[in-house]
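Following: one structure in structure tokens, then a few remarks.
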Amino acid sequence: MSRALLRSVLELRTPVTRLPPSFLLPMRSTPARFFNQTTQIIEPAQTADADAIHATLTAARQQLAKQQQQQQQQQPQSTPKKPRLPTEPSLPTPTGPVSESVRTLLPILAAQPGHYITIHIHGQPYLVTEGDSVRLPFKMPGVEPGDVLRLDCAAAIGSRDFTLQGAPYVDGRLFECRAIVTGTEAEPMRVLIKKKRRCRRKTHIRSKHKYTIMRISELKIRSDVSDL
Amino acid sequence: MSWFRITLHRSAIGLPERTRGVLAALGLRRRSQTVFHPVSQDFAGMIMKVKELVRVQEVDAPKTDAEVKAERQFAPGFWVEKRGKEVMARRGEEDGI
């Protein structure tokens, strides 16, 4: 059978080889179709079995859709996912009056040029001034470049001559400190080679940490504390 | 009503079965675990049996495990005032894009 097929193919091919070169042949819009290229035959599946399977499948799908709808109706308000980023001040706003020394000395501190602030993020201190770029030792989850963060835990605010020390934190009403997230940075790939004695096998442990970069965009110290 | 706040400070490894049983009855399984029990003679007696291992405080109300954990954690120290996307969208509207 196969031999007969092969022979017929060879017989049919011979005239093709005797054709003039392709540039002499008349232009054809459809590409040349060779004998070994056949269109795919898709048989219409209209047997009784196939029909039955199709019917059962559609019924099952409809049932599933109904069940899902019912579940959605039963639980219309699933508990909203808690945002990973804090959107409210992390410390309770102090309400009492500020001490007398702060009342008298804070205007002098505010009048001096150039201030520094020791902010605490997750308990870690960062001594910064306005315009500084800070590379946090972690990737802050959920923040994107351009986000404005309000920093409200300050252990100390100071200038060249004065320092306002918090116990443990400075009153949040006395200052405003903001930072803009500028992006994420990655360290070069670290490769740690682990090897055991008397064994040629080596394991390469790779790690590449990412860090959030932010710029201290604003540091304002209140000069007037008469209303506190 | 006041409560005992009991924290297991020292491990019970190597101690008699009876002492470990008392800790189990108090619900203490590992070091620095904190449990709350109402102030009563029963619990006072149990605390007396293991007084060398635990630290006890008297408090007004019990706390959940999550609240006890929150005591040990630092404040984040920041909060998000504006999202960068929103700022950019507002600028786009102003420019008429």
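Letters go in sequence order (proteins before strands), and every chain restarts at 1. As the structure is a computational prediction, the values presented were derived from the model and not from experiment.
- Each of Glu71(B), Glu67(B), Glu58(B) was compared with Arg5(B) under the salt bridge (charged side-chain N to carboxylate O under 4.0 Å, His left out) criterion, and only Glu71(B) meets it.
- The one candidate from Ile216(A), Leu127(A), Ile117(A) that meets the side-chain contact (heavy atoms from CB on, under 4.5 Å) condition with Asp132(A) is Ile216(A).
- Heavy atoms of Glu144(A) lying under 4.5 Å from chain B belong to its backbone as well as its side chain.
- Test Arg83(B), Lys85(B), Lys82(B) against Asp147(A) for salt bridge (charged side-chain N to carboxylate O under 4.0 Å, His left out) and you get one pass: Arg83(B).
- Checked against ring-ring contact (aromatic ring centres under 6.0 Å, His included), His122(A) has the following partners two or more places apart in sequence or in another chain: Phe138(A), Phe78(B).
- Residue Ile119(A) does not touch chain B at all, counting heavy-atom pairs closer than 4.5 Å.
- Of the listed residues Cys177(A), Cys153(A), Pro89(A), the one with more heavy-atom pairs under 4.5 angstrom with chain B than any other is Pro89(A).
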